[in-house]
Protein chains: 2
Amino acid sequence: MAGRAVRFHLQTQRGSRDGPTPNHSIDMLIRKLESIARLSDEEKNAIGHLPVTVRPLNAGQDIVREKDRPSQCCLLLEGWACRYQILGKGKRQIFSFHIPGDIPDLQSLHLKVMDHSVCTQSQATVAFIPHEALLELTATFPGIAAILWRDTLVDGAVFREWMTGIGRRTALQAVAHLFCELYVKLEAVGLARDHAYRLPLTQADLGDALGLSNVHINRVLKELRGKGWITLHGGRLEINGWRELAHLCDFDPTYLHLERRAA
Amino acid sequence: MAGRAVRFHLQTQRGSRDGPTPNHSIDMLIRKLESIARLSDEEKNAIGHLPVTVRPLNAGQDIVREKDRPSQCCLLLEGWACRYQILGKGKRQIFSFHIPGDIPDLQSLHLKVMDHSVCTQSQATVAFIPHEALLELTATFPGIAAILWRDTLVDGAVFREWMTGIGRRTALQAVAHLFCELYVKLEAVGLARDHAYRLPLTQADLGDALGLSNVHINRVLKELRGKGWITLHGGRLEINGWRELAHLCDFDPTYLHLERRAA
DNA sequence: CGGGAGGTTGAAATCACTCAATTAGAGTGG
DNA sequence: CCACTCTAATTGAGTGATTTCAACCTCCCG
């Protein structure tokens with residue numbers, strides 16, 4: 001375990017310590033929800049009273065595992081996470097990457113058994129929220145339920161897009177598409193601009209996400225670098241040829257359903 | 001268009017005609033929802049008053065298309081449907097197959113723009129339900145909202161499983177896994193037994209679902225037939241070697257989240 | 001008995017994989 | 001600051017799975 005859990009009840013404590021506090025995490029959640037729909041004061045107040053446990057995590061730590069029956073959801077405050085499944089014979093499929101503001105295991109609210117695992121992809125801070133509290137919140141405020149439901153629907157849309165990436169795009173297009181997707185998602189929450197961002201993924205991670213081998217990912221990256229479209233070094237990606245990259249993979253961000261931008 | 005639309009208000013008409021009536025469709029919906037959780041009489045009554053339009057469709061007809069902004073959802077009463085997307089250059093990716101009881105475009109309730117299309121895969125009967133009515137229903141009955149939400153979450157779980165099929169399984173395993181999945185889903189709603197079912201899919205459809213060419217699907221089927229594990233002819237599949245097939249692809253139905261079986 | 005969609009097969013080409021070795025970088029302890 | 005170590009990145013060579021192309025067959029339906 002990477003650090004001590006810190007349990008708070010919201011709005012009874014002020015963040016006098018370093019690092020993300022529960023207040024910070026609730027702000028994150030409210031900002032996230034308001035990026036979709038307006039919240040009433042009553043709704044915000046109810047969210048503010050959610051019991052939250054904040055915990056720092058190291059890279060590569062599982063947050064929930066396949067077969068678990070979790071009793072809480074995790075809100076990612078800092079760092080990246082991914083969802084994945086291990087097949088026999090050491091193969092791995094990564095289903096999604098998650099960035100601050102995401103609730104990667106929101107589905108566990110209604111699907112009792114985990115059919116995959118969630119893992120940190122970098123150092124991270126997560127806020128755990130008990131199912132019980134979330135279920136009560138969504139039962140009381142259908143508007144909040146609708147926003148969270150919508151969030152899982154967007155997840156599904158991204159899964160579909162990845163399916164076409166894996167199934168019907170060339171390796172070059174698949175990598176390009178992933179880079180475009182991640183940029184648009186990060187940019188939307190203010191974590192990237194100027195077509196550059198921190199990318200805490202190894203080539204093996206990229207391969208496991210796109211159904212390719214790490215070796216082949218390496219060659220694809222070499223080609224993209226050779227064309228001068230990307231710079232990737234030390235976990236930082238710069239897209240120097242956005243237009244070309246987006247055109248190569250026919251990138252259309254409709255499926256991300258970013259109707260409004262986060263504040 | 002394949003036939004006339006028939007508009008009813010539920011429980012005000014009795015099905016004196018041939019074919020599925022709105023009552024039939026509401027029964028289907030209630031049965032579907034009750035396969036997940038018990039419904040109160042009040043909830044059943046509210047569902048019974050949903051306005052529904054029943055329509056027969058031919059095979060290969062689009063129900064909704066990418067870029068559409070639908071104002072209704074469709075409940076599949078008879079026949080199969082699939083969700084898909086066309087890429088440039090004539091490539092197609094199929095995201096899911098749907099069977100009676102499914103609401104393939106339920107996501108449109110909260111995602112305004114379609115990022116893919118839905119198409120009948122055989123002759124089919126569908127019931128259209130206005131978004132307006134569903135939104136009111138879910139706002140009034142959080143329990144019903146939760147069941148429908150859950151349904152879309154299972155969709156997502158199947159998408160993930162398909163991702164691993166396309167990305168990390170061999171062609172043989174991928175086909176085997178799909179056949180197992182479809183059997184379990186059909187069996188759960190009483191549409192299959194004895195490891196056999198009607199499969200209204202061409203080899204090209206299977207290929208587009210699994211990210212393979214129709215030619216290769218053909219060869220894989222030949223191999224599965226050669227092993228004596230399946231019989232596939234005239235749109236009917238018999239799995240003669242269920243154990244072997246399931247073992248080949250390491251089939252684990254957890255991801256289908258069939259906690260209870262439909263009546 | 002024709003027409004058409006779907007199924008089947010062979011041959012050649014291609015994309016991506018595996019294996020194996022080498023290099024680069026980051027972190028650690030002396 | 002350097003040697004050591006571990007992980008990740010890189011490269012080459014050989015292999016294998018799957019695609020593409022093209023032809024032919026089969027079955028169903030009107």
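Just so we're on the same page: letters track the sequence lines, and every chain starts at 1.
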Show me the donor-acceptor pairs within less than 3.5 Å that the side chains of residues 152-173 of chain B make with the rest of the protein, sequence neighbours left out.
{"unit_1": "Thr152(B)", "atom_1": "OG1", "unit_2": "Trp149(A)", "atom_2": "NE1", "d": "3.0"}
{"unit_1": "Thr152(B)", "atom_1": "OG1", "unit_2": "Trp149(B)", "atom_2": "O", "d": "2.6"}
{"unit_1": "Asp155(B)", "atom_1": "OD2", "unit_2": "Arg83(B)", "atom_2": "NH2", "d": "2.4"}
{"unit_1": "Arg160(B)", "atom_1": "NE", "unit_2": "His116(A)", "atom_2": "ND1", "d": "3.4"}
{"unit_1": "Arg160(B)", "atom_1": "NH2", "unit_2": "Gln107(A)", "atom_2": "OE1", "d": "2.9"}
{"unit_1": "Arg160(B)", "atom_1": "NH2", "unit_2": "Asp115(A)", "atom_2": "OD1", "d": "3.1"}
{"unit_1": "Arg160(B)", "atom_1": "NH2", "unit_2": "Asp115(A)", "atom_2": "OD2", "d": "3.3"}
{"unit_1": "Glu161(B)", "atom_1": "OE2", "unit_2": "Arg169(B)", "atom_2": "NH2", "d": "2.7"}
{"unit_1": "Glu161(B)", "atom_1": "OE2", "unit_2": "His177(B)", "atom_2": "NE2", "d": "3.4"}
{"unit_1": "Trp162(B)", "atom_1": "NE1", "unit_2": "Glu181(B)", "atom_2": "OE1", "d": "3.2"}
{"unit_1": "Trp162(B)", "atom_1": "NE1", "unit_2": "Glu181(B)", "atom_2": "OE2", "d": "3.1"}
{"unit_1": "Thr164(B)", "atom_1": "OG1", "unit_2": "Glu161(B)", "atom_2": "O", "d": "3.4"}
{"unit_1": "Thr164(B)", "atom_1": "OG1", "unit_2": "Arg169(B)", "atom_2": "NH2", "d": "3.2"}
{"unit_1": "Arg168(B)", "atom_1": "NE", "unit_2": "Arg92(A)", "atom_2": "O", "d": "3.0"}
{"unit_1": "Arg168(B)", "atom_1": "NH2", "unit_2": "Gly207(A)", "atom_2": "O", "d": "3.2"}
{"unit_1": "Arg168(B)", "atom_1": "NH2", "unit_2": "Asp208(A)", "atom_2": "OD1", "d": "2.7"}
{"unit_1": "Arg168(B)", "atom_1": "NH2", "unit_2": "Leu212(A)", "atom_2": "O", "d": "3.0"}
{"unit_1": "Arg169(B)", "atom_1": "NH2", "unit_2": "His177(B)", "atom_2": "NE2", "d": "3.4"}
{"unit_1": "Thr170(B)", "atom_1": "OG1", "unit_2": "Gln173(B)", "atom_2": "N", "d": "3.2"}
{"unit_1": "Thr170(B)", "atom_1": "OG1", "unit_2": "Gln173(B)", "atom_2": "OE1", "d": "3.3"}
{"unit_1": "Gln173(B)", "atom_1": "OE1", "unit_2": "Thr170(B)", "atom_2": "N", "d": "3.0"}
{"unit_1": "Gln173(B)", "atom_1": "NE2", "unit_2": "Leu248(B)", "atom_2": "O", "d": "3.2"}

Requested in this report: Could you encode protein contacts along nucleotides 14-24 of chain D as a string, one character per nucleotide from 5' to 3', using B for base contact, S for sugar-phosphate-only contact and - for no contact, with a heavy-atom cut-off of under 4.0 Å?
Outcome: ----SBBB---

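- Remark: C1' of dT9(C) and CG of Leu221(B) are 14 Å apart, rounded to the nearest angstrom.
- To the nearest angstrom, C1' of dC25(D) lies 12 Å from CG of Asn218(B).
- Taking all atoms of both residues into account, the shortest heavy-atom contact from Met114(A) to Ser108(A) is SD-CB, 4.0 Å.
- Ile230(B) places its CD1 atom 12 Å from the P atom of dG7(C), with the value rounded to the nearest Å.
- With Tyr84(B) contributing its side chain and Asp205(B) its backbone, the two residues share no donor-acceptor pair below 3.5 Å.
- Between Leu232(A) atom CG and dG25(C) atom P the separation is 13 Å, expressed in whole Å.
- Straight-line distance from the NZ atom of Lys222(B) to the P atom of dT26(D): 14 Å, rounded to whole Å.
- Closest approach of Pro104(A) and Cys74(A) over heavy atoms only: CD-O, 3.2 Å.
- In terms of modelled atom types and a separation under 3.5 Å, the side chain of Gln85(A) and the main chain of Ser117(A) share no donor-acceptor contact.
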Identify each atom pair where a protein N or O and an N or O of nucleotides 3-6 of chain C are less than 3.5 Å apart, giving names and distance.
none

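- Rounded to whole Å, atom C1' of dG7(C) lies 13 Å from atom CG of Asp205(B).
- Checked against Val126(A) for a side chain to side chain contact (heavy atoms under 4.5 Å, CB included), the options Leu77(A), Val118(A), Ile63(A), Val54(A) give a single hit: Ile63(A).
- Within a 6.0 Å sphere centred on CZ of Arg225(B), heavy atoms belonging to other residues, nucleotides or ligands number more than 12.
- Listed for the Thr120(A) side chain is no donor-acceptor partner under 3.5 Å among the backbone atoms of Gln123(A).
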